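Notes follow once the structure below has been shown.
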2 protein chains.
Amino acid sequence: MDRYVELLKKKGLKITPQRLEILRYLDENRIHPNIERIHSDLKKDNPSLSKTTVYNVIDDLTKADLLQILTINRFEILCDFKADPHHHFLCKECKKVYDLDEDFNCHLLEKIRSEGYQVDEVHGYFKGTCRSCLNKREGGK
Amino acid sequence: MDRYVELLKKKGLKITPQRLEILRYLDENRIHPNIERIHSDLKKDNPSLSKTTVYNVIDDLTKADLLQILTINRFEILCDFKADPHHHFLCKECKKVYDLDEDFNCHLLEKIRSEGYQVDEVHGYFKGTCRSCLNKREGGK
DNA sequence: TTCCTATCTTGTAATGGTTACAAGATTGAA
DNA sequence: TTCAATCTTGTAACCATTACAAGATAGGAA
């Protein structure tokens with residue numbers, strides 16, 4: 001059975017072409033697209049796709065824990081396929097968001113758990129300048 | 001000289017009563033208030049304070065690095081006086097945002113620096129349920 | 001102190017991303 | 001195959017944030 005059909009079934013969501021397309025798109029394109037980008041990219045193959053549907057599907061899939069919405073900046077909704085735990089780096093020059101595949105295994109997390117907080121999610125957002133933009137600066141000298 | 005006057009001067013910003021009030025309010029009330037809350041609280045002593053001014057001042061002070069805007073959720077602008085590096089815990093039940101005063105000193109940060117990223121900001125957002133809400137659940141049994 | 005310009009504050013109006021809603025289409029269980 | 005629940009779509013409404021212009025203020029210069 002299709003991987004995405006299976007994911008939706010496991011969560012008790014109805015299988016619709018729109019949900020499958022969006023899920024597949026986000027799995028295959030780990031570029032943290034915003035709503036506009038998802039809509040315009042998928043409209044190419046499905047011209048009747050409505051932006052409201054993109055909002056609805058993103059909402060459903062996020063509630064089902066198949067996606068997460070990044071809040072690394074406050075200007076747009078960035079969508080991220082929910083794979084293994086990972087963190088993010090935002091380059092303030094090119095605005096690209098990079099995945100940091102390694103988890104951080106830090107003392108602070110243990111500490112707050114030991115203090116009695118129940119921690120369900122950990123989001124690490126690192127911001128600065130990426131290698132590619134730093135190189136361009138060097139080159140531009 | 002007043003501590004807040006000094007902070008503004010150091011950043012080359014003009015000293016205005018509105019800026020001083022907002023800065024003082026955020027320093028003395030580390031509750032991560034949103035714009036509405038700041039406006040309504042400060043309006044009590046200064047009824048002519050405009051919401052536009054709150055937006056403008058928050059913007060100026062953030063650019064001057066005296067404040068930071070939290071992006072722990074995407075529903076509102078939460079303002080935070082910029083003190084020592086610290087991270088945040090959002091309780092998904094009571095919606096309160098707690099400061100985690102300890103910094104995390106993690107391997108991942110060293111790793112991405114060693115890979116050539118220039119890291120200027122590190123934001124750790126932990127989400128779950130706080131002790132107080134967990135206690136209420138127990139009590140409610 | 002006084003003057004003057006740059007900047008700040010304020011209220012109103014415009015913007016635009018997101019959500020609400022209703023009608024028609026689709027899904028999937030019976 | 002049927003049918004109710006639910007999903008998709010387009011339009012309209014919403015409302016937080018931003019743009020703008022007029023009047024007020026801050027603070028350096030004379």
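Because the structure is predicted, anything quoted here is derived from the model rather than measured.
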Separation of [N] [atom2] from [X] [atom1] (nearest whole Å):
X	N	atom1	atom2	answer
B:Leu78	D:dA16	CG	P	14 Å
B:Asn34	D:dT17	CG	C1'	13 Å
A:Asp59	D:dT6	CG	C1'	15 Å
B:His39	D:dT17	NE2	P	13 Å
B:Lys51	C:dA13	NZ	C1'	16 Å
B:Leu20	C:dC8	CG	P	13 Å
B:Leu61	C:dT7	CG	C1'	15 Å
B:Lys43	C:dT9	NZ	P	15 Å

Given [options], which nucleotide is nearest the side-chain atoms of [X]?
X	options	value
A:Val57	D:dT8, C:dG28, D:dT9	D:dT8
A:Asn56	D:dT9, C:dT18, D:dA26	D:dT9
A:Thr53	D:dT8, C:dT9, D:dA26	D:dT8
B:Arg74	D:dG27, C:dT19, C:dT27	C:dT19
B:Thr52	D:dT18, D:dT17, D:dG27	D:dT18
B:Ile35	D:dT17, C:dT10, C:dT27	D:dT17
A:Pro17	D:dA26, C:dT27, D:dT17	C:dT27
A:Tyr55	C:dT18, C:dG28, C:dT10	C:dT18

Quick one: is D:dT8 close enough that its OP1 or OP2 comes under 4.0 Å of any side-chain N or O from A:Thr16? yes
So, is B:Gln18 near the phosphate of D:dT25, with a side-chain N or O under 4.0 Å from OP1 or OP2? no
Would you kindly compare A:Lys14 and B:Lys14 by the position of their nearest DNA chain C nucleotide and give the one closer to the 5′ end? B:Lys14
Taking the nucleotide of DNA chain C with the nearest heavy atom to each, does B:Ser48 or B:Phe75 sit closer to the 5' end? B:Ser48
So, do [X] and [Y] have ring centers that fall under 6.0 Å from each other?
X	Y	value
B:His32	B:His88	yes
A:Phe104	A:His87	yes
A:Phe126	B:Tyr117	no

Gap separating the OG atom of B:Ser40 from the NZ atom of B:Lys51, nearest 0.5 angstrom: 8.5 Å
Between A:Ile22, A:Leu23, A:Asn29, which is the residue that forms a side chain to side chain contact (heavy atoms under 4.5 Å, CB included) with A:Tyr25? A:Asn29
